[in-house]
Asker: 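Structure in structure tokens, see below.
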Amino acid sequence: MTSTSDHQPADARSDWEARIALRSDETGTTDGTPVLSPPDGLTALAGVGHVRLSWSPVPGAVGYLVHRAAVRDGVVVGELTPVDHLGGDVLSVPDTWYVDTTGEPGQPYTYAVAAVPEVTVTGPLSAPVTCASLPATGVTPTVELAVDAAATGMPLARPWQPMIGSERLSQLLCTDTSGGREIGVELLAALRRIREEVGVERVRAHSILHDDLGVYREVDGAPVLDFTGIDRVYDLLLSTGLRPVVEIGFMPRDLASDPERTVFQYRGVISPPKDWDRWAELVRALVAHLLDRYGEEVLGWDFEVWNEANLEVFWSGTRDEWMRLYDVTARAVKDVDPRIPVGGPSSAAAGWVDALLDHARRSGAPVDFVSTHTYGSPPLDLRPTLARLGFPDARILWTEWGVTPTHFHPVNDGTSAATFLLSGMRSAAGRVDALSYWVASDHFEELGRPPRLLHGGFGLLTVGGIAKPRYHALRMLGQLGETELPVRAAGDGATGLVQTWASRRSDGSLAILVWAHTLDQSKRDGDSSLARRVRLAVDGAAGRTVTVTRLDREHGDVTTLAGRLGITEWPVGEQWDALRAVDALAAEKIETATEGRAAVVELHLPQPGAVLIEVAGS
């Protein structure tokens, strides 16, 4: 993780923030980073409460950075600067469009866009355009959507399914309580639920080599290895149907060159090894043990080298020392069985990807997958980077991703985080092999255990196992069918503020997601000017049963219900039972109009808000 918040005790915050910044002298760029042309064809479309920008793609770009300056009396005021939608991390976006709701309504702005070849490099700006959002009139604009139930379609990509994040797995053995709930029992239940209800396949977690599992110690100067702790947690995990992503770290204390350099309240050691040969022996022994215990299933597990070494808080060595760690670790994994996949850099803010690939190209180290993290924006498109640096077949795993990198941030608990999740998964589909939301459960204690039920925790499920809106969004995604269908959209907010994902299931029924979203976190509690009427016509569905499942601040939002119940700390007694009312979303049958062969659905869509429209098979 990459930040913290004012909710953290001052002494913990100051220590964390002093070490959290990206290494200022180690950007991760390479001499071969291309200089990209500015995007062509920038246009701006004014809508009520927003401006939708679009532009032509630039070959080689992993993303685009939108810039803006105010216009007063026809004159641009100041310099164009990046639009900050308050995500707290990378502001570049991967798509060739952007919805800006951060400006003053009715105020004209000049916009320009730059192509980004690598996350720390920004190209020249495009030709500018000027636009102002439209003021609200009291009449909610309508977005017209049309789907053909019999369209050919294409296979629907499911980037949410391969992976989810979790607190370190040693917590599965923890019998302490948080909020009166036993930590290990509830963490296991959360992982099992996500497997059963969403179909997630793997779990990625930190610190499998932490001393709380007793893997490595030295007696009279000689290494002693014990994998029974790892066996216990992996046995529990596998009992849920999930498999681990083996993030290799942190450093066992007895093997660390500087055992006092630690991270988090559980004090994971972040230093390089004091003996590189012993580190390699530990990695080989771990992989060999797993292969012996669990068999050829391990050939399908991903082995990831460390976590966010491009942050000083997670790696006390230099970048060159981490590159050595990667080489030694990756080769040790392959020594056991060359079929086992290994990768990295597991970096914060999409950093060091170019640097690792450039290094591996020279060192010969294997890279089966590239892994990195971002928060607050959809994941960048790394395919041009892999092609440019000679690894076109490496998989792309976003092993951490979320609405904010900040612990204890209120955006984590409400509905806007759910529409953020839907938008990010939609953007990533077909270009990312896994987009792993961080994390499954609020039983998570990097900066301390949860102080109250709704504390802005990273979890999809609260302590007590109540679904937050983001979990409901994942379940909605899980209802999509195997075949993606095209959607025709028109009207104020179409294909930007209002997004869609339509599908057909194998039984002929349809599942169509529609949601209203802006990346602008100042609108996390909603803005009435961004609400829309939606009119959906489904050709070939006349006479079929239609149900809708709503997710918004009045449907499925635990923060709204907790407020009505007066819960400010931990629920007590019957309050826990009352909270179960938002633990599942209710589908309701609705009446539809008929226009020829089409069934027509009309509904109000608030921002933030999502609706799953299901049409029965013929």
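Note that the structure is predicted; figures quoted are calculated from it, not measured.
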Asker: With a 4.5 Å limit on heavy-atom distance, are the side chains of Leu421 and Tyr437 in contact?
Answerer: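 With C-beta onward as the side chain, the pair touches.
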
Asker: Starting from the C-alpha separation in whole Å, work towards a yes-or-no answer on side chain to side chain contact (heavy atoms under 4.5 Å, CB included) for Leu386 and Leu389.
Answerer: CA-CA 5 Å; Leu386 270 62; Leu389 292 172; over 6 Å; no

Asker: Relative to each other, are the rings of Trp279 and Trp306 parallel, tilted or perpendicular (30° and 60° limits)?
Answerer: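 Answer is perpendicular, since the angle exceeds 60°.
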
Asker: Checking Thr462 side chain against Ile466 main chain: does a donor-acceptor pair fall under 3.5 Å?
Answerer: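 It does hold such a pair.
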
Asker: Taking only Lys NZ, Arg NE, NH1 and NH2, and the carboxylate oxygens of Asp or Glu, determine whether Lys274 and Glu218 approach each other closer than 4.0 Å.
Answerer: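 Yes, charged N to carboxylate O under 4.0 Å.
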
Asker: What pair of heavy atoms forms the shortest contact from Leu169 to Tyr234, and how long is it?
Answerer: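 That would be CD1-CE2, 3.8 Å.
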
Asker: Between Ser427 (side chain only) and Gly424 (backbone N and O only), is there a donor and an acceptor less than 3.5 Å apart?
Answerer: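 Between the backbone of Gly424 and the side chain of Ser427 there is no qualifying donor-acceptor contact (under 3.5 Å).
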
Asker: Using 0.5 Å steps for rounding, measure from the OG1 atom of Thr399 to the CD1 atom of Ile164.
Answerer: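 CD1 of Ile164 is found 12.0 Å from OG1 of Thr399.
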
Asker: Testing Glu247, Glu308, His206, Arg204 for side-chain hydrogen bond (donor to acceptor under 3.5 Å, both in side chains) with Ser346, which one passes?
Answerer: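 Exactly one pass, corresponding to Arg204.
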
Asker: Atom CH2 of Trp276 and atom CD of Glu281: how far apart are they, to the nearest 0.5 Å?
Answerer: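 Interatomic distance, Trp276 CH2 to Glu281 CD, rounded to 0.5 Å: 14.0 Å.
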
Asker: Could you check Ser239 against Arg192 for side chain to side chain contact (heavy atoms under 4.5 Å, CB included), going step by step and ending with a plain yes or no?
Answerer: CA-CA 9 Å; Ser239 75; Arg192 179 175 284 112; 3.7 Å; yes

Asker: Using the ring centroid of each side chain, check whether Trp322 and His359 are separated by less than 6.0 Å.
Answerer: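 Centroid separation for Trp322 and His359: 6.0 Å or greater.
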
Asker: Do Asp95 and Arg426 meet the salt-bridge criterion of a basic N to acidic O distance under 4.0 Å?
Answerer: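 Result for this pair is no, no salt bridge flagged.
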
Asker: So does Asp258 get a backbone contact from the side chain of Ser271, meaning a donor-acceptor N/O pair under 3.5 Å?
Answerer: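 The answer is yes, because a donor-acceptor pair under 3.5 Å joins these two groups.
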
Asker: Check the pair Thr372, Leu382 against side chain to side chain contact (heavy atoms under 4.5 Å, CB included), reporting the backbone distance first and the verdict last.
Answerer: CA-CA 10 Å; Thr372 190; Leu382 296 180; 3.9 Å; yes

Asker: Locate the shortest heavy-atom distance separating Ala428 from Leu435; write the atom from each residue and the value.
Answerer: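 Closest approach of Ala428 to Leu435: CB-CD2, 3.8 Å.
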
Asker: I'd like to know whether Glu484 forms a side chain to side chain donor-acceptor pair (under 3.5 Å) with Ser503, so could you lay out the CA-CA distance, the side-chain angles of the two residues, the decisive distance to 0.1 Å, and finally the verdict.
Answerer: CA-CA 4 Å; Glu484 180 179 338; Ser503 69; over 6 Å; no

Asker: Pick one: which of Tyr375, Phe420, Trp438 meets ring-ring contact (aromatic ring centres under 6.0 Å, His included) with Trp401?
Answerer: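 Of Tyr375, Phe420, Trp438, ring-ring contact (aromatic ring centres under 6.0 Å, His included) with Trp401 is met by Phe420 alone.
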
Asker: Would you find more than 12 non-hydrogen atoms of other residues, nucleotides or ligands less than 6.0 Å from Arg158 atom CZ?
Answerer: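 Yes, enclosed.
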
Asker: Are any of the side-chain heavy atoms of Val287 and Phe303 separated by less than 4.5 Å?
Answerer: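 Yes - at least one pair of side-chain heavy atoms lies under 4.5 Å apart.
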
Asker: Within the 4.5 Å heavy-atom criterion, are Leu460 and Lys468 side-chain neighbours or not?
Answerer: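 No, side chains not in contact.
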
Asker: Just by distance, with hydrogens left out, do Asp327 and Ser363 show a side-chain donor and acceptor under 3.5 Å apart?
Answerer: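 Checked: Asp327/Ser363 side chains pair up, N/O donor to acceptor below 3.5 Å.
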
Asker: Is any side-chain heavy atom of Pro57 closer than 4.5 Å to one of Tyr64?
Answerer: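 Yes, close enough: below the 4.5 Å cut-off.
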
Asker: Does Thr120 offer a backbone N or O that forms a donor-acceptor pair with the side chain of Glu118 under 3.5 Å?
Answerer: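 Side chain of Glu118 to backbone of Thr120, a donor-acceptor pair under 3.5 Å: yes, one is there.
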
Asker: Look at the side chain of His409 and the backbone N and O of Thr406, then say whether any donor-acceptor pair between them is shorter than 3.5 Å.
Answerer: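 Between the backbone of Thr406 and the side chain of His409 there is no qualifying donor-acceptor contact (under 3.5 Å).
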
Asker: Tell me, yes or no, whether the heavy-atom count around Arg217 atom CZ, taken from other residues, nucleotides or ligands under 6.0 Å, exceeds 12.
Answerer: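 No, CZ of Arg217 has 12 or fewer neighbouring heavy atoms, counting only those of other groups under 6.0 Å.
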
Asker: Before accepting this row, confirm whether a basic side-chain N of the pair Arg362/Asp358 lies closer than 4.0 Å to the acidic partner's carboxylate O.
Answerer: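 Yes, charged N to carboxylate O under 4.0 Å.
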
Asker: Can you find a heavy atom in the side chain of Ile270 that is under 4.5 Å from one in the side chain of Arg261?
Answerer: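 In contact.
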
Asker: With no hydrogens and no angle check, is any side-chain donor or acceptor of Thr262 less than 3.5 Å from a backbone partner on Gly268?
Answerer: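 No: the side chain of Thr262 does not pair with the backbone of Gly268.
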
Asker: Do Arg168 and Glu445 meet the salt-bridge criterion of a basic N to acidic O distance under 4.0 Å?
Answerer: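 Yes.
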
Asker: To check you understand the geometry: which heavy-atom pair defines the closest contact between Ser377 and Ser92, and what is its length?
Answerer: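 Answer, listing the atom of Ser377 first, then Ser92: CB-O, 3.9 Å.
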
Asker: Any side-chain heavy-atom pair from Glu167 and Ser441 closer than 4.5 angstrom?
Answerer: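 They are not in side-chain contact.
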
Asker: Is the ring pair Tyr266/Phe264 parallel, tilted or perpendicular, if the boundaries are 30 and 60 degrees?
Answerer: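 Tyr266 vs Phe264 ring planes: tilted.
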
Asker: Hey, are Arg505 and Asp507 close enough for a salt bridge, meaning a charged N less than 4.0 Å from a carboxylate O?
Answerer: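 Salt bridge between Arg505 and Asp507, a charged N being under 4.0 Å from a carboxylate O: no.
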
Asker: Salt bridge between Asp368 and Lys334, side-chain N to carboxylate O under 4.0 Å?
Answerer: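 Salt bridge present between Asp368 and Lys334.
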
Asker: Shortest non-hydrogen contact from Arg331 to Pro366?
Answerer: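 Closest approach of Arg331 to Pro366: CG-CD, 4.4 Å.
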
Asker: Checking the side chain of Asp442 only, and the main-chain atoms of Gly459 only, is there a donor and an acceptor separated by less than 3.5 Å?
Answerer: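 Pair found, side chain donor or acceptor close to backbone of Gly459.
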
Asker: Determine yes or no for a side-chain-to-main-chain donor-acceptor pair under 3.5 angstrom, with Arg253 supplying the side chain and Pro259 the backbone.
Answerer: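 Looks like yes, one N/O pair under 3.5 Å.
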
Asker: Ring centres under 6.0 Å, that's the criterion: do Phe250 and His210 meet it?
Answerer: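 Here the rings of His210 and Phe250 have centres that are no less than 6.0 Å from each other.
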
Asker: Are the charged groups of Arg267 and Glu260 less than 4.0 angstrom apart, N to O?
Answerer: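 Result for this pair is yes, salt bridge flagged.
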
Asker: Could you go through the side chain to side chain donor-acceptor pair (under 3.5 Å) check for Asn310 and Ser347 one step at a time?
Answerer: CA-CA 6 Å; Asn310 62 325; Ser347 53; 4.8 Å; no

Asker: Taking all non-hydrogen atoms of both residues into account, name the closest pair between Gly465 and Arg580 and its distance.
Answerer: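 Smallest heavy-atom distance, with atoms named: O-NH1, 3.7 Å.
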
Asker: Test side chain to side chain contact (heavy atoms under 4.5 Å, CB included) on Asp302 and Arg395 and set out the steps.
Answerer: CA-CA 11 Å; Asp302 288 319; Arg395 288 177 295 128; 2.5 Å; yes

Asker: Would you say Glu482 and Leu156 make side-chain contact, with heavy atoms under 4.5 Å?
Answerer: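 Glu482 does not reach Leu156 side chain to side chain.
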
Asker: Got a second to check how far Trp160's CH2 is from Leu474's CG, nearest 0.5 Å?
Answerer: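 Those atoms lie 8.5 Å apart.
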
Asker: Show the numbers, then the answer: is there a side chain to side chain donor-acceptor pair (under 3.5 Å) between Asp226 and Thr228?
Answerer: CA-CA 6 Å; Asp226 184 352; Thr228 56; 2.8 Å; yes

Asker: Would you call Val116 and Val121 a side-chain contact if the rule is heavy atoms closer than 4.5 Å?
Answerer: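 Answer no - side chains too far apart.
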
Asker: Rounded to the nearest 0.5 Å, what separation is found between the OG atom of Ser371 and the CG atom of Leu397?
Answerer: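 The CG atom of Leu397 is 6.5 Å from OG of Ser371, to the nearest 0.5 Å.
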
Asker: Where the side chain of Ser170 meets the backbone of Leu213, is there a donor-acceptor pair that is under 3.5 Å apart?
Answerer: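 No, the answer is negative, given that no donor and acceptor are paired below the 3.5 Å cut-off.
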
Asker: Counting only N and O atoms by type, is there a donor-acceptor contact under 3.5 Å from the side chain of Arg195 to the main-chain atoms of Leu242?
Answerer: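 Side chain of Arg195 to backbone of Leu242, a donor-acceptor pair under 3.5 Å: no, none is there.
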
Asker: Within this structure, what is the CG-CG distance for the pair Leu225 and Leu286, rounded to the nearest 0.5 Å?
Answerer: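 Answer rounded to 0.5 Å: 9.5 Å.
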
Asker: Just verifying a value: how many Å separate Glu196 CD and Leu191 CG, rounded to the nearest 0.5 Å?
Answerer: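 Rounded to the nearest 0.5 Å, the CD-CG separation comes out at 11.0 Å.
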
Asker: Does Asp231 form a side chain to side chain donor-acceptor pair (under 3.5 Å) with His289? I'd like the steps, not just the answer.
Answerer: CA-CA 10 Å; Asp231 293 345; His289 171 79; 2.7 Å; yes

Asker: How close do Ser178 and Arg449 get, heavy atom to heavy atom, and via which atoms?
Answerer: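 Closest approach of Ser178 to Arg449, heavy atoms only: OG-CB, 4.3 Å.
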
